[in-house]
Amino acid sequence: MFWDTFGIWIAALLTIGIVSFLYRDNPVYKFCESLFVGISAGYWFVSLYYQNLLPKLFDNLGITKLLGLSQNDGAFQHIFSGHWDGRIWYVLAGILAIMMLLRLVSKIGWISRWPLAVVVGSTAGLYMITYFQSNFLSQLQNTVIPLVAIERIRALPSAGMTADQFFAAYLGNLVLIVGTLTGLVYFYFSKEHKGALGGAAKIGIYFLMITFGASFGYTVMSRMSLLIGRLYFLFGDWLGIVR
Amino acid sequence: MKREIPLILTAIVGLTFVVQFFVPHYPMGFLADMFSDWFSIIAAAAIWLGALNLMRVSAEKIYKREKDRFYAGVTIASFFLIVIIGFFFSGGRSFQEPGTRFDWLYINIYTPLMATMFALLAFFVASASYRAFRARNAQATVLLLAAFVVMLGRTPFGDWISNVLFLPEGWGIANLSNIIMNYFNVAGQRAIMIGIALGIVSTSLRIILGIERTYLGGD
Amino acid sequence: MQRFLFLVVLIVVMPLLLWMAHERTIPGSEFFPPYDLSVISTPGDTAGSITLNWFKITGDDDGSMPLSRYTISRSENVGGPFTEIAQVEFKLPSPSLLTRQLRDTTAAVGQAYFFKIGAEVNGKVIESNVVGPVVAESAEQSGAVLEFQEILFPPTQLRAFDTPNDAGSSITLEWKISPNDVSKSAKFNGYDIYRSKEITGPFALIGDATGGESDLERHVKTFADGSNMDRKSAYYYYVEAKWDGQTARSNVAGPVKAGGQWFHTGRLVSLVLLGILVGTILWFINRAKSGRELFIRKIAGLEAVDEAVGRATEMGKKVFYIPGTQDMDNVQTIAGLTILSRVARLTAEYETKLEVPVSRSLVMVTAREVVKEAYLNAGRPDFYSDDMVYYLTDDQFGYAAGIDGMVVRQKPATIFYQGAFYAESLLLAETGNSIGAIQIAGTAMPAQLPFFVAACDYTLIGEELFAASAYLSREPKLLGSLKGQDIGGKLVFLTLALIFIAIVTFGAFASPELVAKVNSIFTVH
Amino acid sequence: MSNGPFGQKLFQALLRIDRRIIFLVIFLALSIPIFLGLRIDITVTQEVRLFYNSVEALSSGSRVLLSFDYDPGSEPELQPMAETGFRHLIKNHIKFIIMGLWPQGPMQANKALTRINEVDEGFLVDNGDTLYFGRDLLVVGPDTIRYGIDFINLGFQAGNELVIQRMGSSIRAAFANDARYGRPIDQFPIMNGLNKLSDFDLVINWSAGYPGTVEWVQFAVDRFHVPCGAGNTAVQAPQVYPYLDTGQLSGLMGGMKGGAEYEQLTGMRAKATMSMVSQTAAHIFVVLFIVIGNLAYFMTRGRKKEGRA
């Protein structure tokens, strides 16, 4: 019980400390900021160990089992008992991880480029494929639509039609197509934006501007809710003025 | 040695990911999964470098008696506090379960700091709207109007304005806001996404081929 | 001439190629009979009769062909002769949604029969395969003859095949659902799947599947079996429907072996399009190497880089460079570091102080390499120190809190944000704005772009971030790849989109199937 | 509008207004309504009504799966929905099974249950088990529910959409033990006859991103034909609206406003409803800021070169 109350007080004071930054930089904020940096760095330090290093490296290899920290056999145990286990390749990951740490030794620090190369290589390969699929191909699919949504037009109610329904039926597809294609033209780098190309690019930039405005407007609501949540914490959980 | 091997490694690993997408046969999928795990392992090991750097920079501030030395001390102390509690006093692997000491730190220190920092966005969104949304030119005006309509369309205030303007049912600001969100916004987002895809494919290709090698630094 | 050829390829050959690539990839397009007959001795009928059940064919289910009918024929031998025993009109009501039933009460008790059904549509007759033998047995207990709805019909046409496009660890089963498997049925309790290495058994239960159709058009259910799969053995399967305490068993399917594939057939279209893009980029890179001049349009944000660093120099203040909050497993971070290389070179030349706080250790390692190299190239290695790049914390908001603090205290003249950002974008940019710094942002996170646009002086939007390295360095190879991106990506996209939009617009009025087919070309598998 | 010297000065002052004044206005706009306990009538949208109806349509004793797919960052938007959801289910005597695809999700569920519980002291001994109020026994209004019989927490499971897929054929393959006691789930009466996803009468998903509603629709609804209702953050909601049209989602609540509408329907007005006034006030002020900012900008334009604010 004491720890619960104490915790709420700590949390409330830290909340106020961070908010005080809005007035101006001050020692309380500085304290909170330093605490935040230290605590969060430590939090990630611990989490990355338990969530990545331990299960992916030490458990897979069987080092934890050797040390009696886990019941499950890893690659070492399997190999010693005569079964092949593909996880033995994780030894290489261990070596790469050590190479990374060798950066601390300035003479052979360059060896850290090897693990870096593995990281960057897998990023490049993976991103190339996933972005091509989900951002290029499926957006092409979404853009290949009839100029007018004939089925929607047929399904329009004769009375009490809303603006959304009307727009979706007659103009929706057209706007989607024109917006996507002209927006793409805006990103065309290797030709000067003049003439027809320039005109299209100009329409494109207007679409981008609407997009930015709309997403901004939409996000405002969500962000306000975050603050309301903190205010309820302060006035409710901490001070108990509102329930 | 210093540059060639990394370039070859990058190419091999990168191509593995591309090939495994088209070749389901063993061992491509296995290799790709393994390389993803390797990334996590290398990154988890590398945090030692980051943490040591943070400790060193902070310790130096104390050592050199800089005016921020008290705060540097706070950083060092809080880092060690949570690390020691996380590793030794929170039940090992189940360190995140409710009721552990690590969980107490998480709930009462980490969460409020994080949530409040996040909540500051409410203030910044307001000041950014005041300052930045000026109808300076046609483009800015369009941006402003879109934001305006969408913002109004999501609140009872928007309905009220629609009523004042005698807009018919179903043709109010909320509907206009839906149209902007579902069509204009989607079209713009798509153009941006396609462009990004092309940029990423081309950048990745250059990395795999060793044309883009800034990340490796010099010799 | 070259241009003309290029246009022909772009407008005619490429769409055709895609169409053909797609035609080959339709999965499960093997012949599948339009309806499926099952025959059983009527349970509970003391007089002895045979109950037939079959799936309706297209046109029967929606009443669109009222003048058509099924003809049911029977024989005592598998080879015939078959005599017609009944007709069922399409327009007759049927007790079940998916199937039609018939009870053959003329069958003699104890005699084995074979059945087949013909569907007569528009004067043409399509015949089913022959089913049987089935013997009409008289039930021992006397009771009411069960209605059609009270009988459990088995799942039929079980097929087992190696799962396509996988590494070789599973076998896919597909069967026509039991007619009792209707949605929201309180009695139907799913299917059990049994497997054996021998056709004679013993069969062991290896899994179960819920009721419902996996493919609404063909009324089939699929199940992927990957449990303890031995790649060297062949397997046999049957499926059992569970309904109201009863079970009914399908045919046995097999033998079938699991194997891996060397090419994912569903991704042929991806391969073609990606091949075109990559090929074009490589071609232009090659061409650029031979010294052709390539034009690149102005990108405002990048034009301003020199000016922004210059201003910091004039004011004698620092330059901050924020490479995003994501790790090296994000291409945006890598792209951002390329821009850092350029910025660092400028700060080296101008002897301006540069600080790069980072939120990931790997980024710290990489950024140090990048900055060091830039200072070396600028001939100022003595100005470089590792302390210019330092780690704060992996946490996005912890990082933002730290940077906000430093920004208000040190008041840098210029701040760059280049890389991947999440919600912290506005926290950083608004604070930077409040101290009057020049801010140049660039990200490919669509959700964060509006905030950067609102709070920064210049913003690189999406692809512009990736184009930056080419733009800043003017290196021919990079410019070539940019040109390749434009031609192999954007031009191809625009052309394909326009051609297929024309087709589907026509299709929308003429044939909805065409629209569906065109759409399926680009389906992501 | 006056354009005289005084007006000019005013507008110029407005242009250079201190950010902190804006901060203060927003702070007051959000906090004053919290104390006033004001209420505004909200029009209930169709998608929220659908959600409410799909819960109302369940007979008492039905079993519902609740997936908590968010973390403390989205608490302000989703926690009110989750709390009202619990109250609604308990009032209608519907049993619920809690799980999470996000590691922090089940912790959020516990937090919501603790909050709606009204008795947190005392215990009961039943059949050799000691049942503590506030943990094993929750009192909400006239109803008392018991862990293992009326509700259970299966905890978090890693694997994103693969978890859903596994649950489609067997819940026990995905969750062997419950989260609170680590006992096999067969030991709890609530799990009797619950073998796979389609055995649930409804799935409810509180979602802040990936994995979340999109995955539940694609895997649970499309493949295993179980109805699904969802509550989403405002930022996330536009992505899942298309599923409403097609009937793949049997109801949707977006952001705090969705939560407020739900509270209105259930008649359990709480946080989201109270926040709506703050929310609306904040919106009005943001809109006013934009208007004033532009007015000042236009009135002073041309007189003075714009400086960097």
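Every chain is numbered from 1 and lettered A, B, ... according to where its sequence line falls, protein lines coming before strand lines. The figures that follow rest on heavy atoms only: side chains count, while hydrogens, waters and symmetry mates do not.
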Looking at [options], which one has more heavy-atom pairs under 4.5 Å with chain C than the rest?
options	result
Leu140(A), Ile150(A), Leu147(A)	Leu140(A)
Phe21(A), Phe45(A), Tyr188(A), Tyr29(A)	Tyr188(A)
Val144(A), Thr211(A), Leu208(A), Val119(A)	Val144(A)
Asn142(A), Leu181(A), Asn173(A)	Leu181(A)

Pick one of side chain, backbone, both or neither for [X], based on which atoms fall under 4.5 Å of a heavy atom in chain C.
X	answer
Leu184(A)	both
Met100(A)	side chain
Ile39(A)	neither
Thr143(A)	both
Ser122(A)	neither
Tyr186(A)	both

Residue [X] versus chain A: region with a heavy atom under 4.5 Å:
X	value
Asp386(C)	neither
Ile461(C)	both
Ala454(C)	side chain
Tyr399(C)	neither

Pair Glu33(A) + Arg409(C), salt bridge at N-O below 4.0 Å: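 The answer is yes: the pair qualifies as a salt bridge.
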Lys/Arg-Asp/Glu bridge criterion (N-O < 4.0 Å) met for Arg113(A), Glu369(C): yes
Side-chain donor-acceptor contact under 3.5 Å, Glu424(C) with Thr325(C): yes
Side chains of Tyr471(C) and Glu303(C), donor plus acceptor under 3.5 Å: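 Looking only at side-chain atoms, Glu303(C) and Tyr471(C) do form a donor-acceptor pair, the distance falling under 3.5 Å.
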Option that, when pairs with chain A are counted at under 4.5 Å, heavy atom only, ranks first among Val408(C), Thr393(C), Asp486(C), Asp395(C): Asp486(C)
Interface residue of largest heavy-atom contact number with chain A, from Asp327(C), Leu494(C), Ile296(C), Asn330(C), under 4.5 Å: Asn330(C)
Contact check, side chains of His193(A) and Lys202(A), non-hydrogen atoms, under 4.5 Å: no
[Y] and [X] aromatic ring geometry - parallel, tilted or perpendicular at 30°/60° bounds:
X	Y	value
Phe136(A)	Phe493(C)	perpendicular
His78(A)	His83(A)	perpendicular
Tyr127(A)	Tyr131(A)	parallel

Positive for side-chain contact (heavy atoms from CB on, under 4.5 Å) with Val504(C), one of Asn519(C), Ile499(C), Val518(C):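 In the set Asn519(C), Ile499(C), Val518(C), the residue that makes a side-chain contact (heavy atoms from CB on, under 4.5 Å) with Val504(C) is Val518(C).
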